[in-house]
2 protein chains.
Amino acid sequence: MKLASNLQEQVASHLRRRILSGQLLPDTPLREQSLAEEFGISRGPIRDALLHLTKEGLLVAKPNVGVKVAAEPSGFKRNVIVHLRREIEASAVTAWFGTRDAGLLRRLDDNLALYREACGGSDLGQVVELDMAFHRLIVEAADQGSLVDLWLPIMLRMFLRYSRHRDLMESYREHAVIVRAMHAGREWEALEALKSHIV
Amino acid sequence: MKLASNLQEQVASHLRRRILSGQLLPDTPLREQSLAEEFGISRGPIRDALLHLTKEGLLVAKPNVGVKVAAEPSGFKRNVIVHLRREIEASAVTAWFGTRDAGLLRRLDDNLALYREACGGSDLGQVVELDMAFHRLIVEAADQGSLVDLWLPIMLRMFLRYSRHRDLMESYREHAVIVRAMHAGREWEALEALKSHIV
DNA sequence: TGATTGTCATTTGTCAACAATCAAGCAGAA
DNA sequence: TTCTGCTTGATTGTTGACAAATGACAATCA
């Protein structure tokens, strides 16, 4: 899962996980030099990675000053984000019901099993990753995955406040309900379960 | 409008304009070295700019190979994009009607005047920029502009096929209808005009 | 013939040194 | 005291050289 040939991607995914799991709190500044020393590489790939994360909305940059971890979205913004995510993921599910490709169902089942396990454990980073992977699988299934790049920054901004007020097991059950409805071919039920899961 | 202290932003906005105005067609490859020579700078800032544009959805990158201009979104994707834009911009207009700040109306009036002028001329790049500026003003007005970074990549992907099938004067008139409804304080009318303008 | 391997030019990935910029703290004057 | 302007240390911005990966084409072997 973590194998990327180029350093910038490795650095980016490493930092992404640290931010989403709450290890790096909002407003924490990230300096190129110290990150370069920490990873034992030069500043070049670090710069690329920080630029990546900035465009994904996890960091905010000020020219000639540097980047820091982005603040949680305001209530207003978060409300818009919720609607956007629903729109994207609901479109993907609707598209899937046009084909009912079995491959997606298998992958979702696999994800559910891992997710349930991770909820019991204590590795929040792992939970976040599996939760995100679940929704990513759904989005990827539609239209050759063309929605992923649209969806990802929206999803990430929402997950900036993942750790707080979240019942992990409840989240698992909601995933399970969605998948069950898809197995049974009940489109309306799946869509409703998905929409009420995204809040 | 074009003054940015750092080179990467200058390069990025230059290339952005060339792509949106149709000078650079989809699938056109962009090489770091040739761009560096063209702009008379080194590859560093070029890299940063290309990374920027990639994350904005205007370019697509393949590791160790390079970037090329992104293809127009598929019909399915475009449909989703339309809904996302409507959601964001409608939220912004609704928020504005809560305050009815006069500053926005003045800026929109100014933009309309310039836009009308540009539609008569032949500089498509100018038209695109003013069209985008119009919608950006609306989005910026809500919630301290917090929606802009969410909105921009969505908007840009849509504008990848700007040049084709577009009646410029008709677009101007639709802008004018929206602003008129806002002046008159007719929220429902403004929202309907906005939604039907985004297609 | 057809598939495979080797070579080569092109292009991106990475690095370390240097330049430009900014924010903070201090000195001095009103 | 409070404000202005300077100095300074830290941090980002930029550069050119070198390393690694890729794709195309030619040479080789079954």
Side-chain angles (χ1 to χ4, degrees), chain A residues 1-19 23-71 149 152, chain B residues 1-19 23-71 149 152:
Chain A
M1 189 74 183
K2 274 203 74 178
L3 7 100
S5 58
N6 49 355
L7 293 177
Q8 62 171 279
E9 262 310 322
Q10 293 176 45
V11 173
S13 57
H14 191 258
L15 289 178
R16 199 181 290 120
R17 177 184 282 223
R18 293 230 297 227
I19 295 171
Q23 272 184 277
L24 289 170
L25 295 176
D27 266 24
T28 308
L30 298 181
R31 322 226 172 266
E32 297 179 359
Q33 185 59 41
S34 26
L35 288 173
E37 285 162 12
E38 179 184 338
F39 288 102
I41 59 179
S42 78
R43 276 177 53 216
I46 302 285
R47 268 182 85 80
D48 292 350
L50 294 183
L51 215 51
H52 252 107
L53 297 174
T54 300
K55 281 290 177 178
E56 287 177 356
L58 294 181
L59 304 174
V60 289
K62 222 165 93 181
N64 288 305
V65 173
V67 302
K68 60 181 184 182
V69 179
D149 56 352
L152 188 63
Chain B
M1 190 75 184
K2 274 203 72 177
L3 6 101
S5 59
N6 50 355
L7 294 177
Q8 63 171 278
E9 260 311 323
Q10 294 176 44
V11 173
S13 56
H14 191 260
L15 290 178
R16 200 182 287 120
R17 175 183 283 224
R18 294 229 298 225
I19 294 171
Q23 273 184 275
L24 289 171
L25 295 176
D27 265 23
T28 307
L30 299 181
R31 331 252 148 195
E32 297 179 358
Q33 185 58 42
S34 28
L35 289 172
E37 284 161 13
E38 180 184 336
F39 287 102
I41 60 179
S42 76
R43 275 177 53 215
I46 302 285
R47 269 182 83 80
D48 292 349
L50 295 183
L51 215 52
H52 252 107
L53 297 175
T54 299
K55 281 290 177 177
E56 286 177 356
L58 294 180
L59 304 175
V60 289
K62 221 167 97 181
N64 288 307
V65 173
V67 302
K68 60 182 186 182
V69 179
D149 55 353
L152 188 63

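Residue numbers start from 1 in every chain, and the chains themselves are labelled A, B, ... in the order their sequence lines are given, proteins ahead of strands.
- Nucleic acid contact for A:Ile46: none, since no nucleic acid atom lies under 4.0 Å from a heavy atom of the residue.
- The shortest distance between the side-chain N/O atoms of A:Arg47 and the OP1/OP2 oxygens of D:dG13 is below 4.0 Å.
- When the P atom of C:dC22 is taken as reference, atom CZ of A:Arg31 falls 16 Å away, rounded to whole Å.
- Closest approach to the B:Val65 side chain among C:dA23, D:dT15, D:dG23 is made by D:dG23 (side chain taken as heavy atoms from C-beta onward).
- How far CG of A:Leu50 is from CZ of A:Arg43: 10.0 Å, rounded to the nearest 0.5 Å.
- The residue among A:Gly66 and B:Pro63 whose nearest nucleotide of DNA chain D lies closer to the 5′ end is A:Gly66.
- One atom, CD of A:Glu9, and another, P of C:dT12, lie 17 Å apart when rounded to the nearest Å.
- The CG-C1' distance, from B:Leu35 to C:dT11, rounds to 13 Å in whole Å.
- Comparing B:Gln33 and A:Ile41 by the nucleotide of DNA chain C whose heavy atom lies nearest to each, the residue mapping closer to the 5' end is B:Gln33.
- Whole-Å rounding puts the A:Glu37 CD to C:dC15 C1' distance at 14 Å.
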Determine, step by step, whether B:Ile46 and B:Leu30 satisfy the side-chain contact (heavy atoms from CB on, under 4.5 Å) criterion, reporting the C-alpha distance in whole Å, the side-chain angles of both residues, the deciding distance to 0.1 Å, and the verdict. CA-CA 10 Å; B:Ile46 302 285; B:Leu30 299 181; over 6 Å; no
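- Contact annotation for B:Gly44: base contact, defined as any heavy-atom pair under 4.0 Å involving a base atom.
- Relative to the side chain of A:Arg43, the nucleotides C:dC15, C:dC18, C:dT12 differ in distance, and C:dC18 lies closest.
- One atom, CG of B:Asp48, and another, C1' of C:dG13, lie 13 Å apart when rounded to the nearest Å.
- Taking OG of B:Ser42 as the reference point, atom CD of B:Glu37 lies at 12.0 Å (rounded to 0.5 Å).
- Closest to the side chain of B:Asn64, from the set D:dT15, D:dT12, C:dG13, is C:dG13.
- Following rounding to the nearest Å, A:Leu7 (CG) and D:dA21 (P) show an atom-to-atom distance of 11 Å.
- Taken from CG in B:Leu7 to CG in B:Asp48, the straight-line distance is 10.0 Å, to the nearest 0.5 Å.
- If you measure from atom CG of B:Leu50 to atom C1' of C:dG13, you get 14 Å, rounded to the nearest angstrom.
- B:Glu32 places its CD atom 15 Å from the C1' atom of D:dA17, with the value rounded to the nearest Å.
- Side-chain atoms of A:Leu15 and A:Leu35, non-hydrogen and from C-beta on, do get closer than 4.5 Å to each other.
- For C:dG28, the paired nucleotide is D:dC3, the pair qualifying as Watson-Crick or G-U wobble because both relevant distances are below 3.5 Å.
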